[in-house]
Asks: 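Below are the structure tokens for one structure; questions will follow.
Counting convention: from 1, in listed order, for ligands and their atoms alike. Excluded from the calculations below are hydrogen atoms, water molecules and symmetry mates; all remaining heavy atoms, backbone and side chain alike, are included. Since this is a predicted model, take the numbers as computed values, not measurements.
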Amino acid sequence: MKLIIFLILLICNIIKSQQYGPTWAQINSRPLPGWYDEVKFGIFIHFGIYSVPAFANDGYAEWYWYTLNNPSSDGGATQRYHEKEFGANFTYQDFVSQFNCRFFDSDEWASIIEKSGAKYVVLTSKHHEGYTLWKSEQSWNWNSVETGPGIDIVGELTKSVKNMGLHMGLYHSLFEWYNPLYVADAETGKNPKTQVYVDEILMKQLKDIVTTYEPELIWADGDWMQLSKYWKSTEFLSWLYSNSSVKDTVIVNDRWGSECRDKNGGYYTGSDNFNPYKIQSHKWENCATIGYSYGYDEFEKATDYQNVSELLVDFVTTISCGGNFLLDIGPDAQGTIPNNMVDRLLQIGSWLSINSESVYGSSPWRVQNETFNIWYTTNTTNGNVYAFVFELPDNGILKLSDPIGNHKTKATLLGLKSENGVTVSLPLESNKHGITLHVPLVAPQDYPPYVYVFKLTNVK
Ligand SMILES: *[C@@H]1O[C@H](CO)[C@@H](O)[C@H](O)[C@H]1NC(C)=O
Ligand SMILES: *[C@@H]1O[C@H](CO)[C@@H](O)[C@H](O)[C@H]1NC(C)=O
Ligand SMILES: *[C@@H]1O[C@H](CO)[C@@H](O)[C@H](O)[C@H]1NC(C)=O
Ligand SMILES: *[C@@H]1O[C@H](CO)[C@@H](O)[C@H](O)[C@H]1NC(C)=O
Ligand SMILES: *[C@@H]1O[C@H](CO)[C@@H](O)[C@H](O)[C@H]1NC(C)=O
């Protein structure tokens, strides 16, 4: 008996102290924490000094400082705009006084995000500009507590997001364009002889955000600048997975070195706005923008923004193929989430409130789509299949050729309002060539909005 207890304790101890050594083979062997695949939908937030000029030439406003200094990268548009609006002697750092965040209310942000149906948040703790949204000792003169608004933005938002029951994640740029320590390391090109920046800045900041804020997701970026050996990525991830307080729940992406994307780390991200429209063999994420830019660009027009139907098409095609959808918003320098972004989030939230069972916890089905307008997910526990239909046929006769039905097959349209409030099964014919559904021609206000989700039971 004593021996058995001893053995159980020993096994528990081994499980508890699971160590992942600093090699990609060991890092990649760690199973992804289950919460991430279940939640499907997150909100990305790009917020920093670039939110002040809020300008890009149909590109990334968060790259303002770089495009200002490298006019060839955008045909000089940023430089011309800057000189006209602020004068040639106005430096990028001067914008910090206008990064006032006077309307910033982290509870309000978290509440809007919660209403969108998103289950996780990823905030830029530091973008390539190096400005940190927390009081970083390694960035003592260039952070949001000691300069600018005087607010621990990472801390306040982390608290509000966790209070809402959502998962909090932090984006962190591995490099900084103009950090003198990085510039000195990188002087020798892609094979730096020194790692002063990594030892003195990067490692300390990454460990600081993990121990101080306990994020459940780290979204690394700037990977392409150097090999992961330079960034000491496996050393950091070994510590994160083995020794940090979030080791059991934390998940990371794949941007940990120029050789890592779609290969090493946690889930894969591909390129920005990545959507392959094909099932992938490894968990992946589509980090999507509503317009062109991640950071706020006040010059994007209403017509530059995708509407809710377009966003839901991107969302549905992503989850059908096993991805998560991380939709980006860019608050302005006052700390306000622009109204048109809030609108999109609330519209997605109202759609999700009707169709949640087809999304959260779902899995890709054996077929992802049968045309561009019909996509699928399934609940692997009860075998229900969900068909996402972007356009209903005018005559109400909807043919699905992939699901194989039998005499027990039933179909409902999620959110279809009936006269007495009872969910109605739709009349259908089913044979080995698929299922034909007869969708009632009711008044438009009785249809659920944007994307129609049919729930099929007893199909193969
Ligand atoms: C910019 O600074 C330089 C050097 O201090 C000065 O000569 C120049 O007049 C300034 N330009 C403007 C537009 O203020
Ligand atoms: C993790 O903690 C163990 C035990 O304290 C230690 O031996 C190991 O070196 C640590 N690993 C890392 C990557 O910090
Ligand atoms: C979104 O735009 C498309 C055209 O690009 C249009 O067909 C669709 O009806 C629009 N959806 C909404 C909800 O406005
Ligand atoms: C999947 O089916 C199981 C069994 O019926 C059910 O308990 C679970 O809630 C379903 N999942 C979702 C996300 O609805
Ligand atoms: C599924 O959608 C993709 C992306 O539009 C398309 O290329 C493919 O042909 C579709 N599959 C079928 C079977 O229609």
Asks: In terms of side-chain heavy atoms, does Y267 have a donor or acceptor partner in D37 at a distance below 3.5 Å?
Replies: no
Asks: Output yes when K126 and E176 qualify as a salt bridge under the 4.0 Å nitrogen-oxygen rule, no when they do not.
Replies: yes
Asks: Using a strict 4.0 Å cut-off to heavy atoms of T371, name the atoms of ligand 5 that fall inside it.
Replies: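 Those atoms are 14 (O).
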Asks: Report the nearest protein non-hydrogen atom to atom 14 (O) of ligand 3: residue, atom name, distance rounded to 0.1 Å.
Replies: N307 ND2, 3.4 Å
Asks: Protein heavy atoms: any of them under 4.0 Å from atom 2 (O) of ligand 5?
Replies: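 Yes, at least one protein heavy atom sits under 4.0 Å from atom 2 (O) of ligand 5.
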Asks: Could you identify the single nearest non-hydrogen protein atom to atom 13 (C) of ligand 1 and state the distance to 0.1 Å?
Replies: N89 ND2, 4.7 Å
Asks: Which protein non-hydrogen atom lies closest to atom 5 (O) of ligand 5, naming both residue and atom, and how far is it?
Replies: F372 CD1, 2.8 Å
Asks: Side chains of S125 and H172: any donor to acceptor distance under 3.5 Å?
Replies: yes
Asks: In terms of atom number and element, which parts of ligand 5 are under 4.0 angstrom from non-hydrogen atoms of Y277?
Replies: 4 (C)
Asks: With the side chain counted from C-beta on, respond yes when F325 and E285 share a heavy-atom pair under 4.5 Å apart, and no when they do not.
Replies: no
Asks: Hey, is N369 touching ligand 5 through its side chain, its backbone, both or neither, going by heavy atoms under 4.0 Å?
Replies: both
Asks: Ion pair present between R255 and D221, side-chain N to carboxylate O less than 4.0 angstrom?
Replies: yes
Asks: What I want to find out is whether D152 reaches K135 closely enough, with some N-O distance under 4.0 Å, to be called a salt bridge.
Replies: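 A salt bridge is absent here (no side-chain N lies under 4.0 Å from a carboxylate O).
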Asks: Could you tell me whether some N/O pair between Y450 and ligand 3 is separated by less than 3.5 angstrom?
Replies: no
Asks: Among side-chain atoms of Q368 and Y277, is any donor-acceptor pair under 3.5 angstrom?
Replies: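 Their side chains do not contain a donor-acceptor pair, so the 3.5 Å distance test is not met.
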Asks: Tell me which protein heavy atom sits closest to atom 11 (N) of ligand 3, plus the residue, atom name and distance to 0.1 Å.
Replies: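 Going atom by atom, the protein heavy atom closest to atom 11 (N) of ligand 3 ends up being S309 OG, 2.8 Å.
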Asks: Any protein heavy atom lying closer than 4.0 Å to atom 9 (O) of ligand 5?
Replies: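 Flag for atom 9 (O) of ligand 5 set to false, no protein heavy atom closer than 4.0 Å.
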Asks: Can D254 and K263 be counted as an ion pair, charged N to O under 4.0 angstrom?
Replies: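 K263 and D254: not salt-bridged.
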Asks: Can you report which non-hydrogen protein atom sits closest to atom 4 (C) of ligand 3, along with the distance?
Replies: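 For atom 4 (C) of ligand 3, the nearest protein heavy atom comes out as E310 OE2, 4.4 Å.
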Asks: Looking only at protein heavy atoms, which one is nearest to atom 12 (C) of ligand 5, and what is the separation?
Replies: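 Closest protein heavy atom to atom 12 (C) of ligand 5: E370 O, 3.6 Å.
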